[in-house]
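Each chain gets a letter, A, B and so on, in the order the sequences are listed, and its residues count up from 1. Given the structure is predicted, the values throughout are model-derived calculations rather than measurements.
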Amino acid sequence: MGISKMGQAVGLRSLYCGQVSASEIGNSVTLCGWVQRIRDHGEHLSFIDLRDHTGIVQVTTDRITDIKPEYVIRVSGTVAPRPEGTENENLSTGTIEIRDVEIEVLSQAAPIPFALDDRGDVEEITRLRFRYLDIRREKMQRNLRVRAKVNSAIRRSLEDQGFTEVETPMLWTPTPEGAREFLVPSRLQPGSFYVLPQSPQIAKQLLMVGGFDRYYQIARCMRDEDLRADRQFEFTQLDLEASFITQDEIHEFVSSTMREIVSLTRGTEIGDFPKMTWREAMDSYGVDKPDMRFGSKLVDLTDILGSSGIRAFSAECVKGIKAPISEMPSRSKLDALIAKAKSLGAGGLAYFKVIQEGDNLAFESPLAKFLDEKLTAQIIEKLDLVAGDLALIVADKWEKAVEVLGAIRLELGRNGLNHDDLKFVWIVDFPLFEGLDDNGRPISAHHPFTMPHNDDFGLLDSDPLSTRSQSYDLVLNGWELGSGSIRIHRSEIQSKIFEIIGISEEEAHSRFGFLLEAFKYGAPPHGGFAFGIDRIAAIMAGEENIREVIAFPKTQSGQDPMTNAPKPVSQKILDTVGLRTLPKASKPGSN
RNA sequence: GGACCUGUGGUGCAGCUUGGAGUGCACGCCGGCCUGUCAAGCCGGAGGUCGCGGGUUCAAAUCCCGUCAGGUCCGCCA
């Protein structure tokens, strides 16, 4: 075996399949790979498409015996030009073929349970059961390599910016806050538990206290919460933290890393990312992660309709949009939108088709009769409507109205969105608290170590729910890629926050004692960010599901169809960690 | 915890509304033919507990109830 250089075939082979080019004509080569397809023309002529991760090359031979698809073979032969007229433009190696070959079967293969070409869809459960076959497919090869490039870009960019990679423990201490944690029983301390980290949040703050200045880690995180298209139990984050910096500087660190990722995976350069306050995002798009690839902002109609006396619109907030569509949705589509609005908690969804009536525009709608000419004209002007347009209006409390109409906006705009169009946006000035708990205490929106907005310290006592924080999200094409904040590094501010959210000094001490203690010994001002690598990799690969960029993902019920995990273990094993299982009848979480 | 969709030879689908023999299509598999194919072609063949259980019916892939599995979403994800 020779010394492996990057991209150069060694060992059992002299070249990779995709590397065989016209410049090799006349050379003897040895190739290894899988049999992609056999075209058998009888005893005088047969073709084998030989595949490895670099591509496919055609092997020509006069007799074929005992070779079947997906056999692993080693082929020695001569590179020859194909006869004129038989070149294949669809293949990078399409002008040549391998002739006069010796074929050695390295490994036989049973018939493959599903087609490995991209001819048709295969049920995901089948793909997952045989994931090692699924990832032979070109698409999965490409996706996982895109993901590797994302990691590579991250390391390159952050190291250029002075960040140091530090690993933090996978066996961490329970911190009953936020996401449900995976428990790991201790063998040496039966009855006690570690947890798998839901993020390295506290560890990285301790690294700041430890003087590391700029830390990053490509960190695996575990959360025992329900799964989704964009959520697995375990996921990978780029986690970073820096000392003596401002929010804007963190944004620049992350933005330039994103630019590096896009550059390496897409080969395109992107400019600066716009910033938008949380309030503005909610008001104009109805979500805190707006998809900026299309317009159709929500328009405030409260002035016009809120006091119009029309019952359907008498609410705290009235919002409308011009549907971002070129053609009128069908009756059933409209019904589906109304059903969606109702399922999200709106009283209803008012719609107005705009029609030409003589020289004027008019509305066609069950509610049209309630609108006089003046109101109609005002709405048409505000929403910038022309004949053939559709206006959709929701009236409710502010939060409900924008949220519902924001979902409708997405529903209408989703079609025809371009994966290659990357619209990043920073969302800033999130609320420090979101809602009240059962005891009427504000709940931390991000986490309790988030620094309040510099201008809002005065509101902490008088109007905590209006307090903004120094936290921020990075959003791409309607996906929340990640979030971060400037942290509290002074104990009197931290105590104040704990007081507001109702954590007593004793409780704070028992939960986060080690962090609070660390802050006593000289904590630098610091802040950071974390974003999901699964999500950015999926977007860069043009996928809508992060399972497509994960080698061995789990199903929505948290099972792995390949290994059948999770599985019961014997009582003998449980004994070593001091555990006993409940009878099957009592399901977890129910009494 | 909840809503919706899906489950039919190895794979992907049609059949289900309006019950009447496991009926059909494509791919794959097995055998045969074939000297320039590249999703090769032609001929022949094998392969099924219609996810599982119960019910209605003379009769169920089809209707009803339950259940399991997969997916999307809500809740949940500091």
Take atom [atom1] of [X] as the centre, draw a 6.0 Å sphere, and report whether it contains more than 12 heavy atoms from other residues, nucleotides or ligands.
| X | atom1 | answer |
| --- | --- | --- |
| A:Glu102 | CD | no |
| A:Trp172 | CH2 | yes |
| A:Glu507 | CD | yes |

Notebook entry, point to check: Can A:His41 be classed as stacking with the base of B:rU35, given a centroid separation cut-off of 5.5 Å and a plane angle cut-off of 30°?
Noted result: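 Stacking between A:His41 and B:rU35: absent.
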Can you find a side chain N or O atom of [X] that sits less than 4.0 Å from OP1 or OP2 on [N]?
| X | N | value |
| --- | --- | --- |
| A:Ser557 | B:rG70 | yes |
| A:Asn545 | B:rU72 | yes |
| A:Gln198 | B:rC77 | no |
| A:Thr86 | B:rU37 | no |

How long is the line joining [atom1] of [X] and [atom2] of [N], in whole Å?
| X | N | atom1 | atom2 | result |
| --- | --- | --- | --- | --- |
| A:His44 | B:rC34 | NE2 | P | 8 Å |
| A:Lys289 | B:rC77 | NZ | P | 14 Å |
| A:Leu45 | B:rG36 | CG | C1' | 6 Å |
| A:Lys554 | B:rG71 | NZ | P | 13 Å |
| A:Ile98 | B:rU37 | CD1 | P | 19 Å |
| A:Asn88 | B:rC38 | CG | C1' | 5 Å |

Would you mind telling me which of [options] lies closest to the side-chain atoms of [X]?
| X | options | value |
| --- | --- | --- |
| A:Ile125 | B:rG36, B:rC77, B:rG70 | B:rG70 |
| A:Arg223 | B:rU72, B:rG36, B:rC77 | B:rC77 |
| A:Ala179 | B:rC34, B:rC77, B:rG71 | B:rC77 |
| A:Lys68 | B:rG36, B:rC30, B:rG71 | B:rC30 |
| A:Gln58 | B:rC76, B:rU37, B:rG70 | B:rU37 |

Checklist line | Inter-residue atom distance A:Ile550.CD1 - A:Asp534.CG, 0.5 Å rounding | finding: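 The CG atom of A:Asp534 is 4.5 Å from CD1 of A:Ile550, to the nearest 0.5 Å.
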Note to self: What does the B/S/- profile of nucleotides 4-12 of chain B look like, 5' to 3', with a 4.0 Å heavy-atom cutoff to protein?
What the structure shows: ------SSS
Using the [atom1] atom in both, what is the distance from [N] to [M], to the nearest Å?
| N | M | atom1 | answer |
| --- | --- | --- | --- |
| B:rG53 | B:rG45 | P | 33 Å |
| B:rG20 | B:rC64 | P | 15 Å |
| B:rC30 | B:rG47 | C1' | 10 Å |

Check: Looking at residues at least two apart in the chain, or sitting in another chain, which of them share a salt bridge (Lys or Arg N to Asp or Glu O under 4.0 Å) with A:Asp52?
Finding: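 If we apply the salt bridge (Lys or Arg N to Asp or Glu O under 4.0 Å) test to A:Asp52, skipping adjacent residues, there are no hits.
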Checklist line | Charged tip of A:Arg409 within 45° of A:Phe294 ring normal and under 6.0 Å | finding: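 Because its charged atom sits under 6.0 Å from the ring centre and within 45° of the axis, A:Arg409 does stack over A:Phe294.
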Margin query: Against the six-membered ring of A:Trp398, is A:Arg279 placed for a cation-pi contact (under 6.0 Å from the centre, within 45° of the normal)?
Written below: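 That pair qualifies as a cation-pi contact.
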Margin query: Given the structure, check if the side chain of A:Arg82 and the base of B:rC38 hold any donor-acceptor pair shorter than 3.5 Å.
Written below: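 Present.
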Notebook entry, point to check: Hey, is the side chain of A:Gln559 pairing donor to acceptor with the base of B:rG70 inside 3.5 Å?
Noted result: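 No, no donor-acceptor pair under 3.5 Å.
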Next item on the list: State, to 0.1 Å, how close A:Ile497 and A:Pro448 come at their nearest heavy-atom pair, and which atoms those are.
Entry: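 Smallest heavy-atom distance, with atoms named: CG2-O, 3.6 Å.
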Check: For residues 226-235 of chain A, which residues have at least one heavy atom under 4.0 Å from RNA chain B?
Finding: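 The stretch gives A:Asp226, A:Arg228, A:Ala229, A:Arg231 as the residues lying under 4.0 Å from the strand, ordered by number.
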Checklist line | Check: A:Tyr16 ring centre within less than 6.0 Å of A:His53 ring centre | finding: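 Ring centres of A:His53 and A:Tyr16 closer than 6.0 Å.
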Check: Going by atom types alone, do A:Ser557 and A:Gln559 pair a side-chain donor with an acceptor below 3.5 Å?
Finding: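 Per modelled atom types, A:Ser557 and A:Gln559 side chains form a pair under 3.5 Å.
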